Amino acid sequence: MTTPQKPRGTQDMMGEQAARFDHVVETFNRVRKLYGFGRVEVPVFESTAVFARSLGETTDVVSKEMYSFEDRGGDSLTLRPEFTAGIARAYIENGWQQHAPMKLATWGPLFRYERPQKGRFRQFHQLDAEVLGAAEPAADVEVIALAAQLLAELGVDDRVVLQLNTLGDAETRAAWRDGLVAHFSAHLDVLSPESRERLAKNPLRILDSKAEGDKVLVADAPRIDAYMTAEAGAFFEALQKGLQASGVDFVRAEALVRGFDYYRHTAFEFVTDALGAQGTVIGGGRYDGLIGAMGGPETPAVGWAGGIERLAMLVAEPLTGSVVAVVSNGPEQDDLARDCLLKLRRAGIAAEMAYRGNAKRQIEVAKKRGSSAIVIVRGADADQPVHVQQLSDAADPSQLLAVLAGGAA
RNA sequence: GCGACCGUAGCUCAAUUGGUUAGAGCGCCGGUUUGUGGUACCGGAGGUUGCGGGUUCAAUCCCCGUCGGUCGCCCCA
């Protein structure tokens, strides 16, 4: 077995799976335009420093989970593991602050060196929406409303719940963190080994520990609300009011946190229980500290990213059969059939004609492929030169006949 | 990095407790039937049972290793 195989954690897609993927991306592009989010393009690879800087002290992520390599000049480059850092880099480098506030969207492949499992790949794909240069809760509201409408239009909103939390401002966050450390340190004996590790590196993460023993401790851990400054409280209040006014349902998730210090205020995830251990389909929050931490001007920002593969798994099977099959009844009718094909396509109707096979075979194949209608071309001499057989509601026979009755294409 | 489970035809899966020539459906190719159309039937091609070793008279089946896959843990930007 020496034939090449795809790298672990990558995927080939065709047919229904690719159609679902495509449907998610198309829907996203349509909806983000509705909200006035322009397309942004950033490189698939960046200087390693771009991500190392944004991911900061979490050494595991930087050293073990990134696809990094040296180019021929000896520079360390990394395949992007997220969109936000690259967009922040572009914002700083190109002086986009002159355009603030910016509403940007993109989608594409991302790379993380992880063990593949359900809904987790090494090359995966995300949708991304960001608002840069806006400190107002209205930006958070709009970003979340965009996500909610996307999910609704994908028809998956009944299986997804919006979990919402606040991390407060920098002051709030620091105080809460200290409170949590104190609480868990007092119960070291019952804390799981993993969480004892987290206590030093990333105490907020203990809140979403899966260990049963930890859950008991988490239940009476101090709540962030007790540490909230007046400003942070007002921000969260405004966010919730804005969501209600936008018709977005949510539940408060007090244990929902972000590991990095540059996250402030809003944290949210759209979660489903239909995808095994990987329940988050869209996750986001406010990262007011990031652009400043990367050496740019202090810039408030909020955004989210959503897994295309995960969304595609939730989406109902997309409608197929919007293609009309043109069948030539014999070689003598091929030219006429080709003319029909041309007329349909120029009229904006998806149509195709088989490369080979007799009429009977072509009809069988067309039905099996789920064509919406079959146009059988019998020749100018026949009683009915062109016969239309409707196969699904997606086709309108009278419209097809009208198009085909037009002059030579 | 750790753990559990799984690798049989192009695809989805069978194969008694370890037993003789490893089967079926789908797909593909050919034929018959049908004859304005989603038919039925007949036939054919296609396998070193992931790979390597071991136990045994005998291994798809048991054991070890290896590679690959799935799911979970860790991590989750």
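Treat the numbers as computed from the prediction; the structure is a model and nothing was measured. These values consider heavy atoms only, across backbone and side chains, with no hydrogens, waters or symmetry-generated copies. Lettering follows sequence order; numbering is per chain, from 1.
- Atom CZ in A/Arg122 sits roughly 13 Å away from atom C1' in B/rC75 (whole-Å rounding).
- Taking the charged nitrogens against the carboxylate oxygens, A/Asp339 and A/Lys343 do have a contact shorter than 4.0 Å, which makes a salt bridge.
- Taking atom P on both B/rG50 and B/rA9, the two are 8 Å apart, rounded to the nearest angstrom.
- Comparing the same atom, P, in B/rU56 and in B/rC63 gives a spacing of 16 Å after rounding to whole Å.
- Annotation: B/rA22 and B/rG46 have their C1' atoms spaced 14 Å apart (nearest Å).
- Going from atom CD of A/Gln11 over to atom P of B/rG69 covers 12 Å, rounded to whole Å.
- Comparing B/rG43 with B/rG37, their P atoms sit 30 Å apart, to the nearest whole Å.
- The same atom, C1', is picked in B/rA4 and in B/rG44; the two are 43 Å apart, to the nearest Å.
- A/Gln126 and A/Glu82 form no side-chain donor-acceptor contact under 3.5 Å, judged by distance and modelled atom types alone.
- A donor-acceptor pair under 3.5 Å links the side-chain atoms of A/Thr166 to the main chain of A/Gly168, judged by distance alone.
- Regarding A/Gln278, its CD atom lies at a distance of 7 Å from the P atom of B/rC73, rounded to whole Å.
- Between A/His183 and A/His187, the ring-plane angle classifies as tilted under the 30° and 60° cut-offs.
- Taking atom C1' in both B/rU70 and B/rA24, one finds a spacing of 25 Å when rounded to whole Å.
- When the options A/Gln17, A/Glu16, A/His23 are evaluated for a side-chain hydrogen bond (donor to acceptor under 3.5 Å, both in side chains) with A/Arg20, the one that passes is A/Glu16.
- The pairing partner recorded for B/rA40 is B/rU32, the criterion being a Watson-Crick or G-U wobble arrangement whose two distances lie under 3.5 angstrom.
- Applying the 4.0 Å criterion to OP1 and OP2 of B/rC75, one finds that A/Asn202 has every side-chain N and O outside that range.
- Side-chain N/O atoms of A/Arg115 include none lying less than 4.0 angstrom from OP1 or OP2 on B/rC75.
- Of the N and O atoms on the side chains of A/Tyr35 and A/Gln149, at least one donor lies less than 3.5 Å from an acceptor on the other residue.
- No engagement by A/Phe124 is indicated, since no non-hydrogen atom pair under 4.0 Å with the nucleic acid exists.
- In this model, a side-chain donor or acceptor of A/Arg120 finds a partner on the base of B/rC76 within 3.5 Å.
- A/Arg80 comes within contact range of no nucleotide atom at all, as no heavy-atom separation falls under 4.0 Å.
- Under the 30°/60° scheme for interplanar angles, the aromatic rings of A/Phe21 and A/Trp107 are found to stand perpendicular.
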### Task
List the protein contact pattern of nucleotides 5-12 of chain B with one symbol per nucleotide (5' to 3'): B for base contact, S for sugar-phosphate-only contact, - for none; contact means a heavy-atom distance under 4.0 Å.
--------
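- Atom CZ in A/Arg32 sits 10.0 Å away from atom CG in A/Leu104 (nearest 0.5 Å).
- When every heavy atom of A/Arg196 is checked against every heavy atom of A/Leu191, the shortest pair comes out as NH2-O, 2.8 Å.
- Atom NZ in A/Lys6 sits about 17 Å away from atom P in B/rC67, given to the nearest Å.
- Only the P atoms considered, B/rU55 is 34 Å distant from B/rC13, to the nearest whole Å.
- B/rU70 and B/rA4 make up a base pair, with Watson-Crick or G-U wobble contacts both under 3.5 Å.
- Although no hydrogens or angles enter the test, the distance criterion places no donor-acceptor pair under 3.5 Å between the side chain of A/Thr280 and the main chain of A/Gly283.
- When the C1' atom is compared between B/rU16 and B/rC73, the two are found 38 Å apart, to the nearest whole Å.
- In this structure, the CD atom of A/Glu114 is 13 Å from the C1' atom of B/rC73, given to the nearest Å.
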### Query
Could you run down nucleotides 31-37 of chain B 5' to 3' and tag each one B, S or - for protein heavy-atom contact under 4.0 Å?
--BB-BB
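- Contact annotation: A/Gln117 side-chain N/O to B/rU70 OP1/OP2 distance is not under 4.0 Å.
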